[in-house]
Amino acid sequence: MDNTDPMAIQLEGLSQRFGRTWAVNRLDLNIATGEAIGVLGPNGSGKSTLLRMLTTLLPPTRGRGKIFGCDLVRQSGEVRRQIHWLGHDFNLYTQLTAIENLKLFFGFQGAKADTRLIRQALEKVGLIPAADKPVSAFSAGMRKRLAMAKIFLKKTPLILLDEPHTNLDREGRDLMNQMIAQWKKEGATLMLATHDHSTVLPLCDKILVLNNGEKTYFGPTGDLPKEIEL
Amino acid sequence: MMTGTIQGGYEFLVAGYALTWFVLGGYALSLYRRYRSIR
Amino acid sequence: MQNSKSKIQSFIVLMAVAFFLFAQYWGLFKSPPDQLMGHVQKLMYVHVPCAWNAFIAFFVVFISSFIYLIRKNPFWDRLAASAAEVGVVLTGLTLILGSIWGRPTWGVWWTWDARLTTTAILFFLYVGYLTMRSFVGDKDRRARLAAPLGVIIFLNVPIVYMSVRWWRTLHQVQSSPSTVDPNMVLSLRLNAFAILFVLILFIYHRYQIALLKDKQEEAL
Amino acid sequence: MKSFLRCAAAVFYKDLLSELRRREYVNSLLFFSLLTIFLFSFAMGTEPDLLRKLAPGLYWMILIFSATLALERSFFTELDAGCLDGLLLYSTSLRAVFLGKWASNFFFIGMVQILVALMMTALYNLESPRNPPLFFAGLLLANIGISTLGTFYAALVTQSRARQVLLPLLLFPMLIPLLLGSVYVTEYALSGDPFHQATLWLKLLVAYDSIFLAACFAAIEPLLEA
């Protein structure tokens, strides 16, 4: 990881309001570089909203946030160059083939497509046989693997994963855990949002629990008090 | 084109001014009502 | 007890109404009728000032949209919204007055006169602006989308005027009023400032409504 | 700068590929423009001289309506497939995305321009324009203007609910000067323009295009961010 900034994420009073409800309400958070954070909480507790704000795609209604020292609003360009985001939509163009989608990933960044790396990525996620087929023919699991392959193409200091294990079969889940482990080894900071905590707890150093947009717990996975409703 | 001065035409003049007062007054009223309804 | 602020406000409103009535009176009774168009010509004292002030309102929209693009301060967005609404009301009035004036003078309800046509296009441009604003619920997003629109629309105004004038010279419809004697100019100017006063008050109060609405939304 | 152009090229190439592979959108656009030619002739009657006289005006009316269909889709494919976030997140700059989308709109509208011109010449048996370079200059300049403002407004209305009605409502008043210019340039191109009356309108189109290319390019940032 080229980034040496000790604090990966610093949030001060970060909030987001949709109409009358506060999806995220004055959230203060400090996450050091290299930590893996599990974001837990029932549906609608603000997990996805928080992650979306961290990608700078959703400007906060109030409060401020910094990722590796770059302000979420004013320096959104720099922030975007340092993160990956794997959400519910896989950002794949269904008319194009798997290889074309990965080439596009380079194209959007204005870089030349590195076909060797693309082939390597497809191999890692086990999509070599379907490399030349249009994504429209892919199952949800295969599409998720292709999205994971995209993360493989570019190393970023921060990776945001929203429900990483959904749509994946058992083998896919092992692949996801394996990749998460590798990212942690490379010193990347990770944020995994999910509501089924069993798969995520072993992977994370710390847990952030959200309820109705508010932080009810943030600390090491070990001493997560029982009564905190996950 | 018209040669002599237009005789009459008062009704257009009256209509124009009445309309102006009506629109400006009406808009002022709507501002006041909206202002009151939020208060 | 009416606090002092609203007492001053109602005083200013009274002043504006008085000045407006005086200007209207002056235009209607004090200035001479036009040799060619007779008393009908006095419609000019409402039609032209409304057009001028509508244009001023749209210029305010342009400037505040531009500043919002740089400063991102919600004040400018609210000001742009208020000025746009008042501008559309005045432009609508100008168009109807133009048609009322056209009827006795040229026997038609609508003439493709360059200024009148430009005003009509302005009307549609800013109705579009207001419609766009009404479709976006979230206050911040609305401001972020409306600001560039407010700038781009105004950039089109000179081009519209030029192209419509070239288009009209191809069809030779005489449109400008006959010679204007000095006394008329005074009535015109009086009414122009009177309506400017009204315009400023309208924008100010419409701004207060926008401010209250935002505060109400914020307070939830 | 190179990465800027490569990103724009990627967006353009992607749009082209995905639209040409799934033909139904492109076909519907072309059939719509053909249909409007027929509609206008039913409305105006088939009297040859009348149609020949109205041809430039009709041509550009058909163009503007068909262009709206093409423009309305420019960001819709992204939105529909949920790729807008990825595009905004990973692109080097939003202006490059705008340029890419501009190019794909330019391509599709250009295609409609050529098709409608050919079909109209055939259906209304107009003779080919006496001054072809002027004719194509008019087409080109108008296309640049429509694509610039069209892509800008498409970005503006993409995420609002009433996209179909909002885009024409905002775009058409803005296009009036362009409409005037292109109708006259086309008219003079058809008649040969011996007295070079078209230069005035060409200047208008060039000014119009450059002003709005610059303005839309400068102001696009907040639109795609919203």
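The sequence lines fix the lettering, A, B, ..., with proteins before strands; numbering per chain opens at 1.
- Proximity to chain B involves both the backbone and the side chain of C:Y45, based on heavy atoms less than 4.5 angstrom apart.
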I'd like to know whether C:F202 forms a side chain to side chain contact (heavy atoms under 4.5 Å, CB included) with B:L24, so could you lay out the CA-CA distance, the side-chain angles of the two residues, the decisive distance to 0.1 Å, and finally the verdict. CA-CA 9 Å; C:F202 275 166; B:L24 295 183; 4.0 Å; yes
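- If you take NZ on C:K42 and OH on B:Y17, they are separated by 8.0 Å, rounding to the nearest 0.5 Å.
- In this structure, OG on B:S37 lies 9.5 Å from CG on C:L212, to the nearest 0.5 angstrom.
- Of the two parts of C:L90, only the side chain, counted from C-beta on, holds a non-hydrogen atom closer than 4.5 Å to a non-hydrogen atom of chain B.
- Interatomic distance, CD1 of C:I100 versus OG1 of B:T20, reported as 7.5 Å (0.5 Å rounding).
- Contacts of C:V86 with chain B are made by both backbone and side-chain atoms, with heavy-atom separations under 4.5 Å.
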Side chain to side chain contact (heavy atoms under 4.5 Å, CB included), that's the test. Do C:L93 and B:Y27 meet it? Break it down for me. CA-CA 11 Å; C:L93 180 56; B:Y27 184 67; over 6 Å; no
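- The two residues C:H205 and B:L31 have their closest heavy-atom pair at CB-CD1, 4.4 Å.
- Across B:I38 and C:Q216, no two heavy atoms sit closer than the pair O-NE2, 3.4 Å.
- Your options are C:V89, C:V198, C:L43, and the one with the most heavy-atom pairs under 4.5 Å with chain B is C:L43.
- The local environment of OH in B:Y35 is crowded, with over 12 non-hydrogen atoms from other residues, nucleotides or ligands closer than 6.0 Å.
- More than 12 heavy atoms of other residues, nucleotides or ligands lie within 6.0 Å of CZ in C:F75, so this atom counts as buried by the packing criterion.
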Using the rule given for side chain to side chain contact (heavy atoms under 4.5 Å, CB included), can you reason through C:V46 versus B:L19, listing the C-alpha separation, both sets of side-chain angles and the distance that settles it, and then say yes or no? CA-CA 10 Å; C:V46 267; B:L19 180 78; over 6 Å; no
